[in-house]
Protein chains: 2
Amino acid sequence: MAFMIAQRAFIKLYLITMVEQQRGYGYQMLEEMKENFKPFGYVPPQSEIYRALHELVHEGVFYRTKQLKGNDPRVDFQEIVLYHFTEDGPEKANLYKKQVKTDLDRCLGMLNKAAEDNYGV
Amino acid sequence: MAFMIAQRAFIKLYLITMVEQQRGYGYQMLEEMKENFKPFGYVPPQSEIYRALHELVHEGVFYRTKQLKGNDPRVDFQEIVLYHFTEDGPEKANLYKKQVKTDLDRCLGMLNKAAEDNYGV
DNA sequence: CTATGAACAACATGTTCATCG
DNA sequence: CGATGAACATGTTGTTCATAG
């Protein structure tokens, strides 16, 4: 068992939730997470988001579609990669989320214990 | 800023607290931590405890004394290394503990936020 | 500048080995 | 076996580079 939850798992969890809510391409989700964790001084690195997305595709949770961003091709040709659940994606995702939840609680338990043991909080 | 608290920092925190309470040599503290975190399935690796101790010595928080374990030399010649605070060790240790506390709280905040954001807890 | 991807370098970690009494 | 230490191998991470429009 690892010490703490892995950053990769943490990010994958958020990606799954964001795709559940129809929000979704890499850069956008990255920016959202950055904004999300600004108060904590945590800046998820770009490479980790893409690695996490690739893994989720590899694991059969997501599949990809490409799309041009914006409607007017003269204005914006930017191609983006959208992520969607595969047929059995939701099932797999829920299993994964369950596992991560367990780990999350375990970590919270350890950190709270550390606070008690070392600061008497 | 790193994602989560480092295992090294976590262990150093416990070592400081244990030395504060006069408990003290490597193997013993390792066993205590193992027992301590058994419910969490976390087994601190031996190498990390020693690395952490060496770092704390290097940073001028602890100094070492050697001692034979047990009273009767015919029974037990085992040599152990005890750790004590240096003169300005307590000051340094308190500063370190303060920093770790900040990080601990930051991590708790992030994990609790993840629980809310992804599980609606 | 948005967007994706890969390469690479650095570091923290886990496992194994070495030594001693 | 208890005790300490170091070596080594692995894996995760952070930074940088590459490409494209």
Side-chain angles (χ1 to χ4, degrees), chain A residues 1-12 15 18 23-35 37 41-58 62-83 103 107, chain B residues 1-12 15 18 23-35 37 41-58 62-83 103 107:
Chain A
M1 176 90 63
F3 166 58
M4 278 282 119
I5 187 170
Q7 179 176 208
R8 190 80 46 87
F10 189 86
I11 289 175
K12 280 161 105 173
L15 294 175
M18 288 190 271
R23 281 173 279 131
Y25 61 97
Y27 191 86
Q28 196 183 27
M29 295 193 276
L30 169 63
E31 291 302 316
E32 191 170 326
M33 282 201 75
K34 275 187 186 169
E35 191 58 33
F37 288 99
Y42 166 58
V43 183
Q46 168 253 63
S47 53
E48 277 298 305
I49 267 81
Y50 287 111
R51 271 194 281 246
L53 283 169
H54 298 337
E55 276 189 22
L56 286 166
V57 169
H58 192 76
F62 293 161
Y63 71 93
R64 301 153 45 102
T65 59
K66 297 196 176 185
Q67 186 181 305
L68 288 182
K69 188 187 172 187
N71 300 321
D72 191 342
R74 284 167 305 181
V75 177
D76 197 350
F77 272 125
Q78 185 71 60
E79 194 179 33
I80 59 177
V81 179
L82 293 170
Y83 291 86
D103 201 30
C107 292
Chain B
M1 176 90 63
F3 165 58
M4 279 282 118
I5 188 171
Q7 180 177 206
R8 190 81 44 87
F10 189 86
I11 289 175
K12 279 160 106 173
L15 294 175
M18 286 190 274
R23 281 174 280 131
Y25 60 97
Y27 191 87
Q28 196 183 26
M29 296 193 275
L30 169 62
E31 291 301 316
E32 191 169 326
M33 282 201 76
K34 276 188 186 170
E35 192 57 33
F37 288 99
Y42 167 58
V43 183
Q46 166 253 63
S47 52
E48 278 298 307
I49 267 81
Y50 286 111
R51 273 194 280 247
L53 284 169
H54 298 337
E55 275 189 23
L56 285 165
V57 169
H58 192 76
F62 292 161
Y63 71 92
R64 301 153 45 102
T65 58
K66 297 196 175 184
Q67 187 181 304
L68 289 183
K69 189 187 173 190
N71 299 324
D72 190 344
R74 283 167 304 179
V75 176
D76 199 349
F77 272 125
Q78 184 72 59
E79 194 181 35
I80 60 177
V81 180
L82 293 170
Y83 292 86
D103 200 30
C107 292

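Just so we're on the same page: letters track the sequence lines, and every chain starts at 1.
Summarising the geometry, the separation between NE2 on A:H54 and C1' on C:dA7 is reported as 13 Å, rounded to the nearest angstrom. In this structure, CD of B:E31 is placed 8 Å from P of D:dA3, rounded to the nearest angstrom. Atom CZ in B:R51 sits roughly 14 Å away from atom P in C:dC11 (whole-Å rounding). Rounded to whole Å, atom C1' of C:dT4 lies 10 Å from atom CG of A:L53. One can place CD of A:E55 at 13 Å from P of C:dA6, the figure rounded to the nearest angstrom. Atom CD of B:E79 and atom C1' of C:dT19 are 12 Å apart (whole Å). As rounded to whole Å, 20 Å separates atom P of C:dA3 from atom CD of A:E48. Between A:I49 atom CD1 and C:dG5 atom P the separation is 13 Å, expressed in whole Å.
Residue contacts shown for A:Q28 are absent, as no nucleic acid heavy atom lies under 4.0 Å away. Using a 4.0 Å heavy-atom distance criterion, A:F10 is classed as making no nucleic acid contact. Using a 4.0 Å heavy-atom distance criterion, B:Y42 is classed as making no nucleic acid contact.
In this structure, the nucleotide among D:dT13, C:dT4, D:dA3 sitting nearest to the side chain of B:Y50 is D:dA3. Considering only side-chain atoms of A:V81, the nucleotide from C:dG14, D:dG14, C:dT4 that sits closest is C:dT4. Of the candidate nucleotides C:dT16, D:dA3, C:dT4, D:dA3 has the atom nearest to the side chain of B:Y27.
Partner of B:Y83 under the side chain to side chain contact (heavy atoms under 4.5 Å, CB included) criterion, chosen from B:L15, B:T65, B:V57, B:L56: B:V57.
Using a 4.0 Å cut-off, some side-chain N or O of A:Y25 falls inside it from OP1 or OP2 of C:dA3. Contact annotation: A:Q46 does not reach the phosphate of C:dT2 (side-chain N/O to OP1 or OP2, under 4.0 Å).
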Test side-chain contact (heavy atoms from CB on, under 4.5 Å) on A:M18 and A:M33 and set out the steps.
CA-CA 10 Å; A:M18 288 190 271; A:M33 282 201 75; 3.7 Å; yes
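With a 4.5 Å cut-off on side-chain heavy atoms, A:I49 and A:L53 count as touching.
Between the side chain of A:S47 and the base of D:dT15, a donor-acceptor pair under 3.5 Å is found.
The nearest pair of heavy atoms linking B:Q7 to B:P45 is OE1-CD, 3.3 Å.
Note that CG of B:L30 and OH of B:Y25 are 10.5 Å apart. Values are rounded to the nearest 0.5 Å.
Of the two residues near DNA chain C, A:A2 and A:R64, the one whose nearest nucleotide lies more 5' is A:R64. If you find the closest nucleotide of DNA chain C to A:G26 and to A:F3, the one lying nearer the 5' end belongs to A:G26.
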